[in-house]
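First the structure, in the form of structure tokens, and then the observations on it.
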Amino acid sequence: MRAPPSRIALLVAALAVAIPAAAQAPRGDQLPVREVTLDNGMRFLLLRRPGAPTVSFVTQYGVGGANEHVGTTGIAHLLEHLLFKGTTTVGTRDHAAEQRWFARMDAAQDSILGARGGAAADSLAARRLQAEIDALEDSARVLVVPNEFDAILARNGARDLNATTTNESTVYYVELPANRAQLWFVLEADRMANPVFREFYAERDVVAEERLQRVDTSPGGLLYEAHLSAAYQSHPYGVPVIGWMSDIRQLTRRGVEDYYRRYYGPRNAVVAIVGDIDPDQMERWARQYFSALPSGERPAPVTIVEPDQRGERRVEVRFDEIGRAHV
């Protein structure tokens with residue numbers, strides 16, 4: 001069952017970025033943490049650590065691989081990638097023009113799903129439509145300002161900008177100079193409210209390639225995946241966080257956007273802010289930039305109980321001479 005985001009775990013993650021290991025003396029439950037909860041449910045954990053003039057931000061959404069279902073596996077991991085693509089004002093030269101390209105790509109994707117379905121699936125038509133999507137995305141790319149979200153942070157001294165997805169949650173983190181802390185509130189509130197999943201199909205291909213390299217053509221990756229499937233026969237912990245390849249290939253922009261709007265809102269977010277901060281100022285900015293955002297939902301609890309194991313389970317993965325796997 002999925003547990004709620006851990007206050008101590010978030011603080012430990014932020015402290016690991018903010019201060020050297022040797023200085024991490026106090027236990028988490030002894031730290032003078034200020035907890036702020038907005039009316040929309042978003043929580044902030046504020047901890048002043050004077051010294052180096054830096055601030056670490058760790059944002060955790062309580063949604064991950066265990067909350068997905070057959071047909072949508074890998075959606076949280078894909079969103080981890082897409083949320084660096086910018087917003088309606090960051091990462092674009094003309095968002096209205098982008099939207100017109102998106103509509104044409106998404107219509108072609110809907111046709112692909114139709115061509116692939118049923119007993120008389122038309123693989124030739126699907127390949128032709130995929131080529132059309134690739135061409136449309138290339139055309140739309142002239143409107144993209146590549147990596148602008150990252151570049152804005154980098155110009156302001158950011159370090160360790162990254163994210164990770166697990167069974168339990170999706171976490172985004174970055175470190176900024178203390179005198180640039182307000183920039184995080186500006187950018188993150190914009191990203192939460194106005195994300196644009198541009199270059200969607202190209203990024204979906206990046207995730208598919210990541211799965212191909214880390215799992216499908218990796219003996220160790222396949223063995224680990226087979227081990228999880230054997231260990232968890234009912235619980236979603238047995239499903240890979242990166243998702244099944246067939247699911248990745250059929251994720252749509254509209255489906256991903258809907259999933260984002262439901263589960264990546266303030267009600268399901270907790271932020272740890274640690275470093276050379278004024279907690280009063282952090283609270284003011286939190287209320288200023290995030291209070292007006294709609295709450296969103298929390299995913300339903302994972303209540304599946306794994307049945308008793310009544311015997312030994314074994315898995316074996318073999319690779320032939322050209323790298324094909326046999327599980």
Side-chain angles (χ1 to χ4, degrees), residues 1-3 63-82 109 112-131 133-134 162-171 199-252 255-256 259 299 302-327:
M1 182 179 295
R2 189 182 63 78
V63 59
N67 304 107
E68 298 164 356
H69 306 284
V70 174
T72 68
T73 64
I75 195 169
H77 178 248
L78 178 57
L79 271 165
E80 176 201 316
H81 285 238
L82 292 171
Q109 174 64 22
I112 286 177
L113 296 178
R116 286 178 178 165
D122 189 341
S123 60
L124 181 61
R127 287 197 297 271
R128 185 174 64 250
L129 288 163
Q130 184 59 57
I133 289 175
D134 294 342
N162 215 326
T164 187
T165 307
T166 69
N167 279 307
E168 305 294 341
S169 65
T170 308
V171 182
E199 300 178 299
F200 176 86
Y201 298 101
E203 201 61 34
R204 194 183 65 177
D205 288 345
V206 168
V207 171
E209 182 64 25
E210 182 181 340
R211 180 188 163 84
L212 189 67
Q213 292 182 2
R214 294 187 178 183
V215 181
D216 295 347
T217 61
S218 165
L222 271 176
L223 181 61
Y224 180 69
E225 191 170 272
H227 168 75
L228 285 179
S229 294
Y232 296 101
Q233 297 189 329
S234 299
H235 198 280
Y237 282 177
V239 177
V241 172
I242 198 170
W244 302 118
M245 184 66 87
S246 59
D247 286 351
I248 295 169
R249 291 293 190 192
Q250 69 178 12
L251 291 174
T252 66
V256 171
Y259 196 81
V302 177
T303 57
I304 296 171
V305 177
E306 188 69 20
D308 293 339
Q309 183 170 331
R310 300 184 181 279
E312 181 183 54
R313 300 174 190 168
R314 290 191 178 202
V315 294
E316 183 177 286
V317 175
R318 296 182 180 184
F319 263 60
D320 61 24
E321 69 278 5
I322 59 174
R324 286 194 297 258
H326 306 278
V327 180

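It should be emphasised that the depicted structure is a prediction, and the values quoted were computed from it without experimental measurement.
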Gap between atom CG of Leu113 and atom CG of Leu129 - 0.5 Å precision: 10.0 Å

Can you tell me if Thr217 uses its side chain to pair, donor with acceptor, with the backbone of Leu212 under 3.5 Å? yes

Under 3.5 Å donor-acceptor, Thr73 side chain and Pro240 backbone: no

With a 4.5 Å cut-off on side-chain heavy atoms, are Glu225 and Leu228 touching? no

Give, for atom CD of Glu306 and atom CD1 of Ile304, the distance between the pair rounded to the nearest 0.5 Å. 9.0 Å

Flag side-chain contact, heavy atom, 4.5 Å: Asp247 against Thr72: no

Can a donor-acceptor pair be found, under 3.5 Å and without considering hydrogens, that links the side chain of Glu168 to the backbone of Gly64? no

Ignoring hydrogens and geometry, is there a side-chain-to-backbone donor-acceptor pair from Arg211 to Trp244 under 3.5 Å? no

Heavy-atom side-chain proximity of His81 to Glu210 below 4.5 angstrom: yes

Closest heavy-atom contact between Pro236 and Ala66? CG-O, 3.4 Å

Could you tell me whether Arg314 and Glu316 make a salt bridge, using a distance below 4.0 angstrom between a side-chain N and a carboxylate O? no

All heavy atoms of Pro299 vs all of Asn67, minimum pair found to be CB-ND2, 3.6 Å

Write down the atom of Ala226, the atom of Val317, and the distance for their closest heavy-atom approach. CB-CG2, 4.3 Å

Rounded to the nearest 0.5 Å, what's the gap from CD1 on Ile248 to CZ on Arg204? Could you check? 9.5 Å

Please report the interatomic distance CG(Asn162) to CD(Glu80), rounded to the nearest 0.5 Å. 7.0 Å

Validation row: Thr170, Leu79 side chains within 4.5 angstrom (heavy atoms): no

Rounded to the nearest 0.5 Å, the OH atom of Tyr201 sits from the OG1 atom of Thr252 at a distance of 6.5 Å

Which pair of non-hydrogen atoms, one from Gly71 and one from Gln250, has the smallest distance, and what is that distance? O-NE2, 3.7 Å

Is any side-chain heavy atom of Val241 closer than 4.5 Å to one of Thr166? no

Do Phe200 and Leu82 make a side-chain contact, defined as non-hydrogen atoms from C-beta onward lying under 4.5 Å apart? yes

Distance (rounded to the nearest 0.5 Å) between Ile133 CD1 and Ile112 CD1: 3.5 Å

Would you call the rings of His235 and Tyr232 parallel, tilted or perpendicular if under 30° counts as parallel and over 60° as perpendicular? tilted

Is there a donor-acceptor pair under 3.5 Å between the side chain of Glu203 and the backbone N or O of Leu78? no

